[in-house]
Amino acid sequence: MSRERRRALVGVVGGILLANTGSYIWFPVLVATLGGSDSGFWAGVVMCMTYVGRLLATFCYEGIAARAGVRATVFLGTALEAVALGLMGFADGVLGYSLLAFFIGFGSGTSFPGLKNVLVSFPEDERPKAFSAFQMAGQVGLFGGALLGAALAGVGLRTLFTVVFVFFAGFCVITSALIPRHGSERVPHTAGGRVPLFNLAAFKGIEVRGATRYFLLSAAFWSLSLGFVVGIPLHMEEYVPGWAPSAPFWITGLSVLVLQYPLFQLLSKRFSPGTVMAVGLTGMTVAFLAFGAGRTGPWVVVGCLTVVLGEILFVPSFDLWISRRVPEHRLAKAMGAMHFFRSAGNMAGSLAAGILFDLSRSLGVAGGNWYVAALLAAGCALVCLSGRRSGPADGGRDLAAADAQATEHEGTVRENV
C-alpha cells in the first residue's frame with residue numbers, strides 16, 4: 001500500500017472511530033432523557049429525523065460530490081454534523097431537537113458515503129483489508145462511545161454535547177488532513193450533462209424483479225434493529241434506572257467485536273444464507289422476550305448477548321442471499337434498493353419503538369412493546385426458513401463472485417448503523 005493510500009486509510013478509519021464514539025455518547029442519553037421528560041413517541045421522532053436526513057442526503061450526495069469533490073464533501077458533511085450536535089446542547093424542546101437531528105442525519109448521510117468512496121478508490125487487492133479496518137474501527141468506536149456515555153450520563157446535556165462536538169470536530173480535522181486531494185476529485189459529469197444537485201434517480205432502484213419481497217424482509221429487520229436502539233434506552237430509564245442508558249450498547253458492542261467473525265464463518269460454511277438469517281432473527285426473538293418478561297438488569301444482559309445475533313448473522317447473510325438471486329446486470333440497482341428499504345425500516349422502527357413503549361405503559365402491559373417486536377422477529381425468521389431452498393433468480397451467479405461484487409458496491413450505497 002502506498003504512503004498516500006495509507007494516510008487516507010488512517011484518516012478514514014480514524015474518522016469513523018471518532019464519529020461512532022461521539023454518536024454512542026449522545027443518543028442513548030438523549031433518548032432516555034426525552035422518554036422521561038416528554039414521551040417515548042417524541043424520543044422516537046427525534047431519532048427518526050436523523051434517518052430522514054440520511055435518506056434525503058442520498059439524493060444529494062452525487063450532485064454535491066460532483067461539484068465539490070469527495071474530500072470536500074466529507075468535510076462539509078462532517079462540519080454540518082458537528083455544528084448541529086454542538087447546538088443540541090442549547091436546544092429547548094423536541095421540535096428544536098428534531099430539526100437539529102435532521103441536519104445531523106443529513107451531514108452523516110453526506111460524509112459517510114464519501115468515506116466509503118475513498119476506500120472504493122483503492123486497488124481491488126487492498127480493499128478487503130481497508131474495509132475490514134473500517135468495520136473494526138466502527139465497532140471499537142461503538143464500544144468506547146457507550147462506555148464514555150455511561151461515564152457522562154450524569155452531566156447536563158450542554159456539557160454532554162460539547163464533548164460530542166469535540167469528537168466530531170476531531171473527525172472533521174483528521175479526515176481533511178489525511179485524505180489526499182488526489183483521488184478525491186469531482187465526480188465526472190454524466191453523458192447527458194451536469195449531475196443535478198438533487199436527483200431522484202435512486203427511486204428507480206426500489207423495485208427489482210424477483211427480489212422485492214426480500215427487500216421488505218430487510219426493512220422489517222432494520223425496523224427491529226432500530227426498535228432496539230431506541231427502545232432499550234427508554235427501557236433502561238423506566239425499569240433499570242440504576243444503570244446508564246448506554247450500558248446495553250457496550251455489552252452489544254463488545255459481543256459483536258468478539259463473536260462476529262468466528263460465529264458467522266462457522267454457520268455460513270454449514271448452512272444456507274436463509275437458515276443463518278433465521279438463526280439471527282431467532283436470537284433477536286429470544287432477546288425481545290427477555291427484555292419484556294424480565295425487565296431487570298440481568299435480563300438486559302441476557303437480551304443484549306442474544307440480540308447481537310441479528311447484526312452478526314442477518315446482515316452479511318442477507319447480502320449473500322440477494323447476490324445469489326439477483327443477476328449481475330441488476331446488482332447495482334439492487335444495492336440501491338437495499339439502501340432505500342434499510343432507511344425506510346430505520347425510520348419506521350424509530351417511530352414504532354417510541355409509540356409501542358408509550359402504549360405498553362398506558363395499557364399497563366409491562367414489556368408489551370418487546371412482545372410485539374418478538375412476534376415480528378419470529379415471523380421474519382419463518383419467512384427466511386420458507387425461502388431458504390429457493391434457487392437463484394434468472395441469471396443468478398456463483399455465490400463467491402456475487403459476494404465480491406456486492407462488497408465493491410457496498411462502499412457507495414450502504415450506511416453504517
Side-chain angles (χ1 to χ4, degrees), residues 135 208 210-229 231-232 252 255-256 258-293 299 302-326 334-335 337-339 341-342 344-346 348-349 352-353 369-393 396-400 402-403 406-407 410 414 417:
Q135 179 69 14
V208 178
T212 302
R213 67 189 181 103
Y214 301 125
F215 294 140
L216 292 173
L217 175 66
S218 173
F221 168 80
W222 288 110
S223 178
L224 290 168
S225 180
L226 260 292
F228 166 74
V229 168
I232 198 65
T252 58
S255 301
V256 171
V258 173
L259 297 175
Q260 185 166 30
Y261 182 78
L263 187 58
F264 177 71
Q265 287 293 100
L266 175 68
L267 294 180
S268 63
K269 289 179 179 178
R270 291 166 172 77
F271 303 103
S272 68
T275 301
V276 177
M277 286 191 295
V279 174
L281 287 162
T282 300
M284 296 182 79
T285 303
V286 172
F288 295 146
L289 290 174
F291 294 145
W299 284 104
V302 171
C304 289
L305 291 174
T306 53
V307 77
V308 295
L309 293 178
E311 180 177 348
I312 292 172
L313 300 177
F314 182 93
V315 177
S317 296
F318 182 79
D319 289 346
L320 296 180
W321 211 31
I322 288 298
S323 62
R324 176 177 283 181
R325 286 162 171 76
V326 176
M335 290 295 171
M338 287 171 64
H339 178 78
F341 280 100
R342 175 173 178 163
N346 286 338
N369 52 318
W370 297 117
Y371 298 141
V372 174
L375 185 62
L376 177 58
C380 290
L382 292 175
V383 171
C384 292
L385 290 174
S386 68
R388 70 188 188 281
R389 296 186 182 277
S390 59
R397 301 161 295 138
D398 175 75
L399 180 58
D403 184 34
T407 301
E410 183 188 51
R414 292 186 62 197
V417 167

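FYI, side chains are in, hydrogens and waters are out, and symmetry mates aren't considered; it's all heavy atoms of this structure. Just so it is clear, the structure is predicted and the values come from calculations on it, not from any experiment.
Rounding to the nearest 0.5 Å gives a distance of 9.0 Å between CG of Leu313 and OG of Ser268. The structure places CG of Leu263 at 5.5 Å from CD1 of Ile312, a figure rounded to the nearest 0.5 Å. Put simply, OG on Ser255 and CD on Glu311 are 10.5 Å apart, with the number rounded to the nearest 0.5 Å.
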Would you be so kind as to tabulate the donor-acceptor pairs closer than 3.5 Å made by side chains of residues 302-310, with sequence neighbours excluded?
from, atom 1, to, atom 2, distance (Å)
Thr306, OG1, Val302, O, 3.1
Thr306, OG1, Gly303, O, 3.1

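In terms of heavy atoms, Leu217 sits closest to Cys380 at CD1-CB, 3.7 Å. Contact record, Cys384 with Gly274: CB-O, 3.4 Å, taken as the closest heavy-atom pair. Across every non-hydrogen atom of Phe314 and Ser218, the tightest pair is CZ-CA, 4.3 Å. Between Ala381 and Thr282, the closest heavy-atom pair is CB-OG1, 4.1 Å.
Considering only residues two or more places apart in sequence or on other chains, Tyr261 meets the side chain to side chain contact (heavy atoms under 4.5 Å, CB included) condition with Gln265. Evaluation of the side chain to side chain contact (heavy atoms under 4.5 Å, CB included) rule for Leu289 yields Thr285, Tyr371, Ala374 as partners, not counting sequence neighbours. Applying the side chain to side chain contact (heavy atoms under 4.5 Å, CB included) criterion to Ser317, with sequence neighbours excluded, gives Phe264, Pro273, Val276, Met277.
Applying the ring pair (Phe, Tyr, Trp, His ring centres under 6.0 Å) test to every pair with at least one member in residues 270-289, sequence neighbours left out, gives these pairs: Phe288-Trp370.
Using a 4.5 Å heavy-atom threshold, the side chains of Phe221 and Val315 count as touching.
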